[in-house]
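So that the names make sense, note that chain A is the first sequence line, chain B the second, and so on, each numbered from 1. These numbers were taken from a predicted model, which means no experiment stands behind them.
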Amino acid sequence: MRGLRLVLAVVRKELLLEWRDPSRLTGLLVFSAALTLLLAFAMPGVHVLPDVAAGAIWLGLVLASTRSLDQSFRTEVENGALEGLVLWPVPSLVIFHGKALANAIVLLLVAVPLTALVFVLYHPRMHGSVVDLGVVLTLGCMALAAPGTLVAAIATQARGSSALLPVLFFPLVVPVVLAATRATTLVLEGDPMDQVGAWVKLLLVFDLAHWTLDGLLFSRIVDEG
Amino acid sequence: MSGLRAHELSRRFGNRWVLVRVDLEVPAGEGLLLLGPNGSGKTTLLRCLATALKPHHGTATFEGTDLWAARHALRDRIALLSHATRLYEDLSAAQNLSCWAAMGDYRPDVPALLHRVGLDGTGSKPVRAFSAGMRRRLALALALVKQPRLVLFDEPFSALDPQGREVVGGVLDELRGQGATLVLSTHHASLGARFCTRAVRLEAGRIAWTGPAAEARDVVADA
Amino acid sequence: MDLPPLEALPLTPGKAVAVLAILVIALLNVRAGRRPWYLARWEDAFGLVGLCLLLDGQYMGLVDAPRERMMGEVGRILYVHVPSAWLTMVAFTLTCLFAIGFLVTGWRSLDLLVESAAEVGVALGIVLQLTGMLFARPTWGVYWDWDPRLVSTAVMLLSFIGVLTLRSLLTDPDQRANLTSAGAILATTSMIVTYFSVRWWRSLHQMQSSPDTVASPMVLVLRINAFAMLFLFTWLLVRRWRLARALAARDEAPPLPSAEVPA
Amino acid sequence: MSPDQAAEVGSGVVTGGWTYVTAAYCVCWTVLVGYVASLWWRHPRGEA
């Protein structure tokens, strides 16, 4: 119970930071919107846009997540707050889960308008339900947030961290992009073969593995003096 | 009851020893003045005592328990104040305090704390707009959230005007009155001597001199 | 294990060179009061044996081995490709095990081994990736295909290159050791998950070749090449570890000085 | 075209391709030799 309360306190702090500096979130939104626009122009023609809608959403989210992860750790190292947190009586696991959860929420806050924008610009079909789409978006954002938080924590300790972050992050989330894009496509275009479950299961397994394992690695690297 | 003890405490960064076999003893409820030029290892010593750094040799104990081994339990009672203020720039003073308190499961009286360090009325201005002195005061309030038993204070009087020094001095007196153990690192022996009984002078990571805090002034003046 | 009949082991020039080389080396080694430069360390024996086996194995692969039933001459690439695939896997598995071992025990040697195994793995992985592409072009008609093993190997290579990059950007030895190990474990898991996810996505690659699915004359050649790579890998790993140790010793901390303040 | 070759064409056997074989063996040697050279190159000299 105490652990959960502390996790929520960390989440609250993160979201409060986003709230007090709205330029961070709007920056992400503008970034992903511009990316969606650019991607449409990089396609061979308007007729393929409905087919690549899911890909546009997830590409936008992955690229936006590198920015948001970088930002979320920059506030922590700015005045030594991360070290302060480690010295505060709060377990490192709590810090990790709080930050990862907050990052997932921020990503979802980007994902919803981004999906709406893709609907407007790319005209994908919509066969599945909005609930299904929501589940896929949530699982996908969580699957980006947990390893992303760990990798950002690793990268901030090195020189040139914002350049290092994608180098470590992109290979790690290949399965997320794959599974989330497949699942989203199946939700959008209809799923006659009933395959969406397999992809969602893959996302779920990825989520479970990273939300448990990465916390241990995180505590190992931040609390070692 | 024994307070803070260090035995042959040593720490290196890379291949450079910055702290060499430091022996300390601070009885519970007393203050130690930590003197020494820049780069003499004062900050590293404080960070080791705060369990931010693992010593590479030797041990440090607080109230009989090993600092590093029992760090998760002891961090509840140790406060480190340094130039790293731990503040979130975009939050207001009150939000900083309440967020940090919530993350440690503390329930402090935030307005009273802000009043204690003379920051009431700063409103909802983000810390970004604060002066260096105001940040120091807010960082002090943040440390008080813990109600610490061991206070490690790096340069308590830097970046402060006379009024700020007054505030910090008042808080330090109050902490000593509550039985907290203090370690103050400073260039200004005269300012710190008021709160401390003993003084130690570090040079090149080693203890070069130790004696009553009242005599410390001369040592600094000579150097 | 079925040993091939003696006729299957013709004395080829490659083998003759190898046997002669080993004999000469052994003789020199026995005769010399001090060790010759190419046998300065114990691992050099592995290197020499590996080199001989590789010369012999590749000669057999290029000359002795029959044309593959389906792939013709191109099948000869397998004698380079398959052993390098095996050894890349060995290298990265070892990296992950060393990393876990380091995080548990904190031994410095394990940290240096993580770095060494990862780097040798990347080198072998480059051989694997390039020979794989050269094999894919004539057999599939493309240099690249979206096959699970291809993709996961590429992802794994990129991850470990990322880990080595990370390592090169860190200066504090303790921090560097911790972060490298964490990164290596992440890279390994990402490779496994990628493999299965891409397999779901699409599968074109043939099933893993094992001695059962490969014609028997090929088995021997494949085995010789695999052992050659194994010996060479051991040599490279130990050599790389010695390099890491030498570099670490160069900026190793001096012993803790005395408490007297230097004048 | 011999009957043997005709059968091969029909059965989809890959013919030729020595270029790829040579390239693959060269790649192997280049990388191995290059890596060993880099080990030698990076070794600290001067002491011991």
(message) Is any side-chain heavy atom of D/C28 closer than 4.5 Å to one of C/L130?
(response) no
(message) Tell me the closest heavy-atom pair linking D/R42 and C/L247, and the distance in Å.
(response) O-CD2, 4.1 Å
(message) Below 4.5 Å, heavy-atom pairs only: which of C/I77, C/V120, C/L54, C/T131 has the largest tally toward chain D?
(response) C/I77
(request) Working to the nearest 0.5 Å, report the span between CG of C/L51 and CG of D/L32. (result) 9.5 Å
(request) Using non-hydrogen atoms and a 4.5 Å limit, figure out which bit of D/Y35 sits close to chain C: side chain, backbone, both or neither. (result) side chain
(message) Within this structure, what is the OH-OG1 distance for the pair D/Y20 and C/T139, rounded to the nearest 0.5 Å?
(response) 10.0 Å
(request) Might you point out which heavy atoms bring C/L243 and D/P44 nearest each other, and give the distance in Å? (result) CD1-CD, 4.0 Å
(request) Check C/V127 against D/V27 and note the closest heavy-atom contact, atom names and distance. (result) CA-CG1, 4.4 Å
(message) Within the structure provided, determine whether D/W18 and C/L62 are in side-chain contact (heavy-atom separation under 4.5 Å).
(response) yes
(request) Below 4.5 Å from any heavy atom of chain D, which atoms of C/L128 appear? Answer side chain, backbone, both or neither. (result) neither
